[in-house]
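As the structure lists them, so they are numbered: ligands from 1, and atoms in each ligand from 1. Predicted model only: the values in this text are computed from it and were never measured.
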Amino acid sequence: MTTKQGWIQRAATLKPSSGLYIDGAFRSARDGQTFPTVSPRDGTVTAHIAAAGETDVDDAVTAAHRAYEAGAWSRTDRRYRQDVLVRLSELILENVEELALLESTDTGHPISDALGVDVPSCARTFRWYAEALDKVYDDVAPTPRNALAIISREPLGVIGAVVPWNYPLIISAWKVAPALAAGNSVVLKPSEQTSLSALRLAELATEAGVPAGVFNVIPGLGHVAGAALGRHPLVDKITFTGSPEVGRYFQLYASESNGKQVALELGGKSPQVVLHDVGDIKACASAVAWGIFYNAGQTCHGGSRLLVDERVHDELLAEVIKVGRSLKLGDPLDPETQIGTIIDDTQLQSILGYYKVAEAEGITVASGGTQVRPDGVEGGYYLEPTVLDGVDNAGRIGQEEIFGPVLAVSTFRGAAEGIRLANESKYGLAASIWTQDITTAHTAARELRAGTVWVNTFDVADIITPFGGFKESGFGRDRSLHALDAYSALKTTWIHLGDAPLGDD
Ligand code: NAD
């Protein structure tokens with residue numbers, strides 16, 4: 001196993017690709033613009049990346065459209081696409097260490113998570129959609145005998161995918177894999193903070209056999225490259241994951257351009273509702289702590305609200321704090337590290353700003369609450385797991401997405417009040433209910449307004465199930481066969497057979 005020093009040495013010699021990947025090759029932006037990408041591990045610049053301008057975005061979309069029309073991907077046999085995407089999945093795993101290092105230095109994810117979760121999950125997503133391709137059938141409608149109506153799925157055309165910085169490989173794969181599997185061309189706009197792994201993914205896709213122009217990656221600033229992609233008339237669908245504010249821009253871009261389809265995966269303020277008959281308090285505490293502190297709380301469905309029955313509040317909170325304090329916060333390149341960095345100084349300051357809000361709201365800091373510096377690291381953005389107790393669910397700490405390692409704790413008495421508080425939010429991405437009563441569990445799961453509900457667990461996920469939000473957490477679903485459908489257009493072919501009997505010749 002590579003040691004911390006080994007990873008640090010490899011990171012120092014890393015030479016990531018930093019161009020725009022358009023039509024199967026890297027190139028600079030037409031106007032030569034670049035932007036620096038900074039590693040949150042130590043605040044140093046890892047690379048200067050080409051910044052796509054409007055003309056570059058047009059080049060990428062035109063290449064994608066041309067490739068789509070030419071049919072070297074869109075009109076091929078499904079089994080051909082299957083073979084290529086399986087090969088891509090294999091290549092991702094063959095390059096696991098390089099991809100993990102890019103992801104860890106770019107996002108601040110612990111290297112062990114990048115190696116064990118981010119890269120394998122990305123590879124599995126490509127394999128899963130590839131393997132699905134010869135198992136999904138089209139439909140035949142129940143027409144009268146004199147007709148035959150076939151309902152088939154066809155690719156939509158050019159898909160624009162715009163993704164955030166928190167899980168670049170995983171979220172890109174959730175969009176790119178089903179879109180390519182369905183036969184579309186894709187233009188991916190990674191976050192300006194974390195473009196490196198997407199650029200490597202594009203190279204690997206070409207190596208696997210994805211034809212030039214079918215998969216393009218255009219790093220760039222959101223309001224320039226993201227907006228140009230959103231407004232482009234040759235883009236047939238935008239699939240976006242990110243903040244609620246930016247998500248709404250894409251609805252605007254669509255309505256002001258060609259009325260393209262838009263799917264939005266937005267933020268969350270997910271509640272973990274713990275009833276008095278929770279049962280195994282330690283298991284619950286572990287799930288609550290990991291549910292918010294994993295990836296330093298920068299997870300859209302992170303369990304940022306703990307709503308706990310007052311009868312078990314003290315016992316549960318003591319255990320949650322114990323687990324939180326036991327997690328090893330440190331240098332992302334240390335294989336022992338469990339919690340890495342905050343993405344950048346802006347995000348760090350935003351989280352620290354919420355500590356002032358908490359103070360003004362009279363909320364108790366039950367644990368954490370300070371900025372820290374792991375041994376041997378200069379610079380970088382690190383924050384202790386923090387527990388805020390006595391939170392008014394209706395206040396800012398209870399309602400706003402902090403996107404950091406901050407757990408907001410509120411109490412209630414009885415299941416009805418717990419569920420009412422859980423639903424008292426503009427978000428509806430995920431929720432959990434903890435109880436030993438099976439009827440209460442089922443009823444609560446029905447009442448919770450969220451795209452995913454966990455019962456006596458949290459953050460169990462797989463490519464086999466859909467993921468997305470209710471309410472202002474967005475619409476559309478990533479993952480599962482539902483996502484394959486989301487990148488396909490349904491076509492009805494109605495064939496007149498008539499009533500005449502078969503002839504003799
Ligand atoms: P963000 O909205 O700032 O950026 C997301 C993407 O949009 C980036 O690629 C960015 O460059 C681009 N962008 C920014 N401004 C733009 C504009 N004016 N026009 C077009 N594109 C623009 O989000 P972020 O800060 O990268 O990520 C954090 C947010 O993402 C959080 O709110 C989090 O909850 C959300 N998120 C949601 C999910 C989910 O599945 N629901 C998953 C992960 C993250």
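In this structure, Gly474 falls outside the shell of residues with a heavy atom less than 4.0 angstrom from ligand 1. Not a single heavy atom of Ile343 sits under 4.0 Å from any atom of ligand 1. Using 4.0 Å as the threshold, Tyr167 has no heavy atom nearer than that to any atom of ligand 1. Residue contacts with ligand 1 include Ser191, since one of its heavy atoms falls under 4.0 Å from the ligand. Within the 4.0 Å heavy-atom cutoff, Gly468 does not count among the residues contacting ligand 1.
In this structure the side chain of Pro164 reaches within 4.5 angstrom of the side chain of Ile171, judged on heavy atoms.
For ligand 1, the atoms closer than 4.0 angstrom to any heavy atom of Cys300 are 34 (O), 36 (N), 37 (C), 38 (C), 39 (C), 40 (O), 41 (N), 42 (C), 43 (C), 44 (C). Atom numbering of ligand 1 starts at 1 in the shown order; those under 4.0 Å from a heavy atom of Phe467 are 40 (O). In summary, the atoms of ligand 1 found under 4.0 Å from a heavy atom of Gly226, numbered by their order in the structure, are 20 (C), 21 (N). Heavy-atom proximity to Pro190, at under 4.0 Å, picks out these atoms of ligand 1: 9 (O). Interface of Phe250 with ligand 1, defined as ligand atoms under 4.0 Å from a residue heavy atom, comprises 20 (C), 21 (N). Which parts of ligand 1 touch Tyr253 is read off a 4.0 Å heavy-atom cut-off, strictly below it: atoms 17 (C), 18 (N), 19 (N), 20 (C). Taking every non-hydrogen atom of Tyr249 and a distance limit under 4.0 Å, the qualifying atoms of ligand 1 come out as 18 (N). Near Ser243, meaning under 4.0 Å from one of its heavy atoms, ligand 1 places the atoms 1 (P), 2 (O), 3 (O), 23 (O), 29 (C), 30 (O), 32 (O).
With 3.5 Å as the limit, one finds a donor-acceptor pair spanning the side chains of Asn393 and Glu424. In this structure, a donor-acceptor pair under 3.5 Å is present between the side chains of Tyr354 and Glu400. Ser432 and Trp434 share a side-chain donor-acceptor pair at under 3.5 Å. For the 3.5 Å distance criterion, the side chains of Tyr167 and Ser121 fail to qualify, holding no donor opposite an acceptor. Side-chain contact of Thr107 with Asn166: a donor-acceptor pair under 3.5 Å is absent, judged by distance alone. Lys175 and Ser172 form no side-chain donor-acceptor contact under 3.5 Å, judged by distance and modelled atom types alone.
Contacts with ligand 1 closer than 4.0 Å are made by side-chain heavy atoms of Ile171 only, the backbone lying farther away. Using a 4.0 Å cut-off between heavy atoms, Leu229 makes no contact with ligand 1 at all.
In terms of protein heavy atoms, atom 7 (O) of ligand 1 is closest to Phe240 CE1, 3.3 Å. Nearest to atom 31 (C) of ligand 1 among the protein's heavy atoms is Glu401 OE1, 3.6 Å. With respect to atom 26 (O) of ligand 1, the closest heavy atom belonging to the protein is Trp165 CD1, 2.9 Å. Nearest to atom 43 (C) of ligand 1 among the protein's heavy atoms is Asn166 ND2, 3.1 Å. Considering only non-hydrogen protein atoms, atom 21 (N) of ligand 1 sits nearest to Gly222 O, 3.3 Å. At the shortest separation from atom 27 (O) of ligand 1 among protein heavy atoms lies Pro164 CB, 3.2 Å. Ranking protein heavy atoms by distance to atom 10 (C) of ligand 1, first place goes to Glu192 OE1, 3.5 Å. Ranking protein heavy atoms by distance to atom 6 (C) of ligand 1, first place goes to Val163 O, 3.5 Å.
No close placement of the Phe240 and Trp174 rings is indicated, their centers lying 6.0 Å or farther apart.
Contact check on Glu472 versus Arg248 returns a salt bridge, with a Lys/Arg side-chain nitrogen under 4.0 Å from an Asp/Glu carboxylate oxygen. Comment: Asp462 does not engage Arg479 in a salt bridge, judged by the lack of any side-chain N to carboxylate O separation of less than 4.0 angstrom. In summary, Glu256 and Arg231 engage in a salt bridge, as defined by a charged side-chain N under 4.0 Å from a carboxylate O.
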List the atom pairs, donor and acceptor, that lie under 3.5 Å between side-chain atoms in residues 212-221 and the rest of the protein, sequence neighbours left out.
from   : atom 1 : to     : atom 2 : distance (Å)
Asn216 : OD1    : Asp23  : N      : 2.9
Asn216 : ND2    : Val186 : O      : 3.3
Asn216 : ND2    : Gly213 : O      : 2.9

Could you pull out every donor-acceptor pair under 3.5 Å between side chains of residues 193-202 and any protein atom, sequence neighbours left out?
from   : atom 1 : to     : atom 2 : distance (Å)
Gln193 : OE1    : Ser191 : OG     : 2.9
Gln193 : NE2    : Asp344 : OD2    : 3.1
Ser195 : OG     : Ser191 : O      : 3.0
Ser197 : OG     : Glu103 : OE1    : 2.7
Arg200 : NE     : Glu98  : OE1    : 3.0
Arg200 : NE     : Glu98  : OE2    : 3.1
Arg200 : NH1    : Glu203 : OE1    : 2.9
Arg200 : NH2    : Glu98  : OE1    : 3.4

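For atom 4 (O) of ligand 1, no protein heavy-atom neighbour is present inside the 4.0 Å cut-off.
When Gly267, Gly242, Gly476, Ala430 are checked for heavy-atom proximity to atom 35 (C) of ligand 1, Gly242 turns out nearest.
Considering every non-hydrogen atom in both Ser270 and Leu429, the closest pair reads OG-CB, 4.3 Å.
Under the 3.5 Å distance criterion, the side-chain polar atoms of Asn95 are matched with a main-chain donor or acceptor of Leu91.
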